Asker: 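Dropping a structure here in structure tokens format, bear with me for questions.
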Amino acid sequence: MPELPEVETMRRGVALIAGSRIRGVRRPPSRLVPIQITPRLHALRRRVIGRRIESVGRLGKRIVIALDSRDRLVIEPRMTGRVLLADRGEAPDREHVRLVFELDGGGRRSLDGRRLVFWDSRGLGMVWLLPPEDFARRLGPQRIGPDALGITPDELRLRLAPSRRAIKVALLDQKALAGIGNLYASEILHRARLHPGIACCELRPIQWRRLHAMIGEVLEEAVALQGSTLADGTYRTARNEAGAFQGRHRVYQRAGQPCLQCRRGKIVRLVQVQRSTFYCPVCQRRRRT
DNA sequence: CATATGTCCTGAGAGC
DNA sequence: TGCTCTCAGGACATAT
């Protein structure tokens, strides 16, 4: 499930397409239900072919490709989407390829013929082409909070502290802060020694500071290790490699196993808002410290 | 307004 | 072995 570290890794892997022009857009034949493309493919083609890619950015868990038309191409991998870069002649797994952008090198001959590939096994992902007004409306600051990597301690507290929701649930709210998903929420709370069920409004200043520090620590480490590739193998980098942060997981999908921190607690799986949370009942007591 | 729940989708794994 | 069932969780629409 691509969260901030995985999306940032994919972004870095395709960042060199900045400067290229889009030469074609293809949707390979597939028996799968097509992913949602807005606008439809023929209109998308009309608006992107011949356009130059200005930059490849990230907004929370989305990749944002800015074009010289001022439109932005937004790719949402959601659960199982991958953003891959294929060299000329290289054929990525045909099976779940949903959309292909054919690129030139923007004057760099060695880059001609590259393709930006959107792969998605489950098909919940989306691709949007948004003019500036639509981008601002759909993905502006009132819809997407500040990036979890780089949020200030004050901002974190300001945005979450009034809520009566459990801290784990609030961390997943992309309007509050952007980029954290189910996996990293558990890992962050474990390192911050906070019980996932504590209401935000009950956290004390020292706990907010710890939480802020661990958001940065976990996400930075995960980006450095190119994200987490779980046993299902779904996530891959843009170059189709596995990430390595799964080796550093302390709680996620470790229910019943001993806590790697205290060695006494057994990791517990808890369900919150229909999603699994993992925590150590010894390290992450409900009681305030 | 804040918070909770249902929905989409496919592949893996469990159970028989 | 092969079938059926459940589950995984991104973001958003709808309900409370």
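The model shown is predicted, which means the values in this text are computed figures rather than measured ones.
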Asker: What's A/Ser276 touching, base or sugar-phosphate or nothing? Going by heavy atoms closer than 4.0 Å.
Answerer: sugar-phosphate
Asker: From the list C/dG9, C/dA11, C/dG10, which nucleotide is the closest neighbour of the side chain of A/Arg122?
Answerer: C/dG9
Asker: Indicate the atoms forming the closest heavy-atom contact of A/Pro28 with A/Val100, along with that distance.
Answerer: CG-CG2, 4.3 Å
Asker: Could I get the full list of side-chain contact (heavy atoms from CB on, under 4.5 Å) partners for A/Ala136, not counting sequence neighbours?
Answerer: none
Asker: Would you please confirm or rule out a distance under 4.0 Å between OP1 or OP2 of C/dG10 and any side-chain N or O of A/Tyr235?
Answerer: no
Asker: Reading DNA chain B from 5' onward, which residue's closest nucleotide shows up sooner: A/Gly123 or A/Asp232?
Answerer: A/Gly123
Asker: Nearest heavy atom decides the nucleotide; on that basis, is A/Ile144 or A/Arg269 closer to the 5' end of DNA chain C?
Answerer: A/Arg269
Asker: When A/Asp68 is tested against each of A/Arg47, A/Arg52, A/Arg21 for salt bridge (Lys or Arg N to Asp or Glu O under 4.0 Å), which residue passes?
Answerer: A/Arg21
Asker: Do you see a donor-acceptor pair shorter than 3.5 Å between the side chains of A/Thr277 and A/Gln272?
Answerer: yes
Asker: Do A/Phe118 and A/Tyr235 sit in the same hydrophobic cluster, where Ile, Leu, Val, Met, Phe, Trp and Tyr count as joined when their side-chain heavy atoms come under 4.5 Å apart?
Answerer: yes
Asker: In chain order, what residues pass the ring pair (Phe, Tyr, Trp, His ring centres under 6.0 Å) check against A/Phe101, with sequence neighbours excluded?
Answerer: none
Asker: Do A/Leu160 and A/Asp173 come within less than 4.5 Å of each other through their side chains, counting heavy atoms only?
Answerer: no
Asker: Residues from residues 218-226 of chain A sitting under 4.0 Å of DNA chain C, heavy atoms only?
Answerer: none
Asker: Which residues within residues 150-184 of chain A lie with some heavy atom under 4.0 Å of an atom in DNA chain C?
Answerer: A/Gln174, A/Gly181, A/Asn182
Asker: Looking at A/Glu241 and A/Arg239, does any basic side-chain N land under 4.0 Å from a carboxylate oxygen?
Answerer: no
Asker: Can you check the A/Met126 CE to C/dG10 C1' distance for me, whole Å?
Answerer: 10 Å
Asker: Contact class for A/Arg143 vs. all strands (heavy atom < 4.0 Å): base, sugar-phosphate, or nothing?
Answerer: nothing
Asker: For a quick check of understanding: with a heavy-atom distance under 4.0 Å over all strands, which category does A/Met79 fall into, base, sugar-phosphate or nothing?
Answerer: base
Asker: Closest approach of A/Leu4 and A/Asp147, non-hydrogen atoms and distance?
Answerer: CD1-OD2, 3.4 Å
Asker: Toward the 5' end of DNA chain C, which comes first, A/Phe278 or A/Arg138, by nearest nucleotide?
Answerer: A/Phe278
Asker: Going 5' to 3' along DNA chain B, which nucleotides are the first and last within contact of chain A (any atom under 4.0 Å from a heavy atom)?
Answerer: B/dT3 to B/dG11
Asker: Would you kindly give the CH2-to-C1' distance between A/Trp128 and C/dC12, to the nearest whole Å?
Answerer: 10 Å
Asker: Partners of A/Pro153 by side-chain contact (heavy atoms from CB on, under 4.5 Å), sequence neighbours excluded?
Answerer: A/His212
Asker: Quick one: does A/Arg275 reach the base of C/dG10 with a side-chain donor-acceptor pair under 3.5 Å?
Answerer: yes
Asker: Could you please name the option among C/dC12, C/dG9, C/dG10 that lies closest to any side-chain atom of A/Glu76?
Answerer: C/dC12
Asker: Would you say A/Arg12 and A/Val56 make side-chain contact, with heavy atoms under 4.5 Å?
Answerer: no
Asker: Using the benzene-type ring in the case of Trp, are the ring centres of A/Phe245 and A/Tyr184 under 6.0 Å apart?
Answerer: yes
